Undergrad: 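I'd like to ask you about the structure that follows.
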Amino acid sequence: MNPLYRASLALLTDLYQLTMACAYWKTGTHVKEAVFHMTFRHNPFKGGYAIACGLSSLIEFLKDFRFGEDDLHYLATLSGNDGRPLLEPRFLEYLATLRLECDIDAIPEGTVVFPHEPLVRVRGPIIACQLLETPLLNMINFQTLIATKASRICGAARDEPVLEFGLRRAHGIDGAVTASRAAYVGGCAATSNVLAGKLHGIPVRGTHAHSWVMSFEDELESFEKYAEAMPNNCVFLVDTYDTLEGVRKAVIAGKKLRDRGFRMAGIRLDSGDLAYLSIEARKILDEGGFEDAVIVATNDLSEEIIATLKEQGAKIAVWGVGTRLATAYDQPALGGVYKLGAIRAPGEPWRYTLKLSEQNEKISNPGMLQVRRFENDKEVLMDMIYDEIQPPDEKPAIVDPADASRTKQLSGATRHRDLLRPIFRAGECVYETPSATEARACAIAELARFHGGVKRFLNPHQYPVGLEKSLHEMRTRLIRAARK
């Protein structure tokens, strides 16, 4: 993040966060301690899971959080509806010295997560917690969405390499760079985005475009000239004119390349009936002595299209996915939210809070929440959302927040781990951020421990996630009290 932007990004927020911060300060309530949670309500893409991502960006943002002098000068120019300054000078002076001395816990990148589970928990002075809402949601929402999309696409490819090619269609510079990293965390093998490769250590891949072929009068000459110039990067794009004839010319160019001591890596198909063309292309390549040459496919691929091509026996070994990955095609947002769970004045006990709604799914969960994942040697079993202020007993039982009649209980001896880990303590980072490669390995290993039904595209299995029994009972009491 820092190589792309100036050091201070404190103004990456919605105005109402600053007006609330000013109101907290003016009323003296800014010293109250609060607990907020970032959650999402539905699995994206009508799937059965999500992949947590974006924490690395958030950590960078938090480490350098401050209101710079030019930020404060800008804020001083804002006016209210009466034409007077919106934020008074003494509050701006306060912002100049403000530091985010919060405790922040989060689920590591690459972890499989589910609706209602807190991905991030923020505890500290309410004014600081409030100022984190917008940037936190911005970073976690988008990157979790893209990592999940990538995971689904890689699942459809059945462990064959997926290359992220979305830079030219992504939503701006930051949208492209963060999408490339999130796609890699979600399972992609490489990216075409060279800047993302530099910044995040992601492998980069690419060959040539149709314009290279069209710049020559003869297609075969274009392949041969490219092979002369880039002998160690030869994947020929064969569909500029007649696809199968292009494959035959690639074989001719590949033989000349081999005579020079190099290897034709493969061909790329970017249009047409990819199942049929890949099958016929495979025959031509094998007959020409290029059994080890791979067939790469592009052309607006998605997880559904890849799954269909697999069913048709396509001979594609590498999948290049661009638009439908980098733009999270068919679901533009995760819909994550940031809600207050508990608050207290200095020296007083915690007061639990929740947001009420006519829609049950929008009623927030009170407390200082943690997620406990139960598992055995073979697979994960269930997730329990519990309150750290009132920890669960030895016989864990969960209640489905959407349907209280659905409960599940496990033996207290079942192995478990808590997912939220300490990231910041009193504003100081205590967490060693894993590399994108390490987060990717985590995502692949984690997902392998879940039942296949959770990963199904159509009508996926609902993995059991629920509120710990006493937390559910406390939440129910608060709802009833609020509705009186």
Side-chain angles (χ1 to χ4, degrees), residues 35-43 47-52 103-108 110-123 144 336-337 339 341-342 350 352-355 360-423 442 445-447 449-451 453-455 460-479:
V35 180
F36 284 81
H37 305 95
M38 184 265 169
T39 64
F40 63 95
R41 295 177 177 134
H42 301 282
N43 285 316
Y49 68 94
I51 301 292
D103 291 349
I104 298 177
D105 297 78
I107 295 179
T111 304
V112 178
V113 291
F114 300 93
H116 309 297
E117 296 182 341
L119 274 61
V120 183
R121 185 181 73 201
V122 182
R123 174 181 173 180
T144 297
V337 295
K339 299 299 180 185
W350 288 102
Y352 291 100
T353 64
L354 57 72
K355 176 197 176 295
N360 186 55
E361 66 181 20
K362 288 193 173 183
I363 299 176
S364 62
N365 293 320
M368 188 182 303
L369 305 179
Q370 173 64 276
V371 183
R372 180 161 292 177
R373 179 159 289 170
F374 295 87
E375 55 196 347
N376 58 30
D377 291 337
K378 295 181 179 180
E379 62 182 356
V380 294
L381 303 173
M382 76 174 195
D383 286 5
M384 177 178 70
I385 303 169
Y386 73 92
D387 174 25
E388 286 193 349
I389 301 173
Q390 299 180 7
D393 59 29
E394 294 181 358
K395 293 183 178 180
I398 62 171
V399 181
D400 187 337
D403 182 357
S405 67
R406 299 181 64 190
T407 63
K408 187 177 180 67
Q409 186 162 352
L410 292 176
S411 165
T414 305
R415 189 171 73 238
H416 65 263
R417 56 192 167 101
D418 287 349
L419 299 188
L420 287 160
R421 298 184 189 176
I423 308 299
C442 173
E446 275 253 325
L447 201 56
R449 289 182 54 76
F450 282 83
H451 187 276
V454 173
K455 296 169 271 190
H461 170 70
Q462 184 179 343
Y463 174 75
V465 178
L467 302 181
E468 187 269 329
K469 187 176 179 181
S470 62
L471 174 60
H472 168 74
E473 292 170 350
M474 184 261 287
R475 179 179 184 261
T476 301
R477 290 195 299 271
L478 290 176
I479 293 171

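Worth knowing before you read on, the calculation uses all heavy atoms, side chains too, and leaves out hydrogens, waters and symmetry mates. Since this is a predicted model, take the numbers as computed values, not measurements. Each residue takes its place number in the sequence, starting with 1.
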Undergrad: Decide if atom NZ of Lys362 counts as having more than 12 heavy atoms of other residues, nucleotides or ligands within a radius under 6.0 Å.
TA: no

Undergrad: Hey, is NZ on Lys455 packed in by over 12 heavy atoms from elsewhere, all under 6.0 Å?
TA: yes

Undergrad: Among Val371, Leu471, Ile398, find the one that has a side-chain contact (heavy atoms from CB on, under 4.5 Å) with Met384.
TA: Ile398

Undergrad: Testing Glu446, His416, Glu375 one by one against Val380 for a side-chain contact (heavy atoms from CB on, under 4.5 Å), which residue passes?
TA: Glu375

Undergrad: Would you say that Arg373 contacts Glu117 through its side chain, given a criterion of any heavy-atom pair below 4.5 Å between the two side chains?
TA: yes

Undergrad: Listed by chain and number, what are the ring-ring contact (aromatic ring centres under 6.0 Å, His included) partners of Tyr386, not counting sequence neighbours?
TA: none

Undergrad: Tell me the closest heavy-atom pair linking His37 and Gly367, and the distance in Å.
TA: CE1-O, 3.0 Å

Undergrad: Please enumerate all residues that pass side chain to side chain donor-acceptor pair (under 3.5 Å) together with Arg123, with sequence neighbours excluded.
TA: Glu33

Undergrad: Show your reasoning for whether side-chain contact (heavy atoms from CB on, under 4.5 Å) applies to Asp400 and Gln462.
TA: CA-CA 11 Å; Asp400 187 337; Gln462 184 179 343; 3.8 Å; yes

Undergrad: If every non-hydrogen atom of Pro460 is compared with every non-hydrogen atom of Gly48, which pair is closest and at what distance?
TA: CG-N, 3.6 Å

Undergrad: Start with the C-alpha distance between Phe374 and Lys408, add both sets of side-chain angles, then the distance that settles side-chain contact (heavy atoms from CB on, under 4.5 Å), and finish with yes or no.
TA: CA-CA 12 Å; Phe374 295 87; Lys408 187 177 180 67; over 6 Å; no

Undergrad: Of all heavy-atom pairs between Gln409 and Pro396, which one has the smallest distance, and what is that distance?
TA: CG-O, 3.3 Å

Undergrad: Under 4.5 Å between any side-chain heavy atoms of Pro392 and Arg372, yes or no?
TA: yes

Undergrad: Please find the pair of heavy atoms, one from Arg475 and one from Ser364, that lie closest to each other, and give the distance.
TA: NE-O, 3.4 Å

Undergrad: Output all residues satisfying side chain to side chain donor-acceptor pair (under 3.5 Å) with Arg477, sequence neighbours left out; order by chain, then residue number.
TA: none

Undergrad: Only counting residues at least two apart or in another chain, list the ones meeting salt bridge (charged side-chain N to carboxylate O under 4.0 Å, His left out) with Asp105.
TA: Arg121, Arg425

Undergrad: So which heavy atom on Asn376 is nearest to which on Arg415, and how close?
TA: O-NH2, 2.8 Å

Undergrad: Please list, chain by chain and in numerical order, all residues satisfying ring-ring contact (aromatic ring centres under 6.0 Å, His included) with His451, sequence neighbours excluded.
TA: His461

Undergrad: Tell me whether the count of non-hydrogen atoms from other residues, nucleotides or ligands lying under 6.0 Å of CZ in Arg41 goes above 12.
TA: yes

Undergrad: Who passes ring-ring contact (aromatic ring centres under 6.0 Å, His included) against Phe114, sequence neighbours left out?
TA: Phe450, Tyr463

Undergrad: Determine yes or no for a side-chain-to-main-chain donor-acceptor pair under 3.5 angstrom, with His116 supplying the side chain and Pro401 the backbone.
TA: no

Undergrad: Tell me the closest heavy-atom pair linking Cys442 and Thr111, and the distance in Å.
TA: SG-N, 4.2 Å

Undergrad: Main chain of Met368, side chain of Asp387: is a donor-acceptor contact present, judged purely on distance under 3.5 Å?
TA: yes

Undergrad: Counting distance only, does the side-chain N/O of Asp403 pair as donor-acceptor with the main-chain N or O of Ser405 below 3.5 Å?
TA: yes

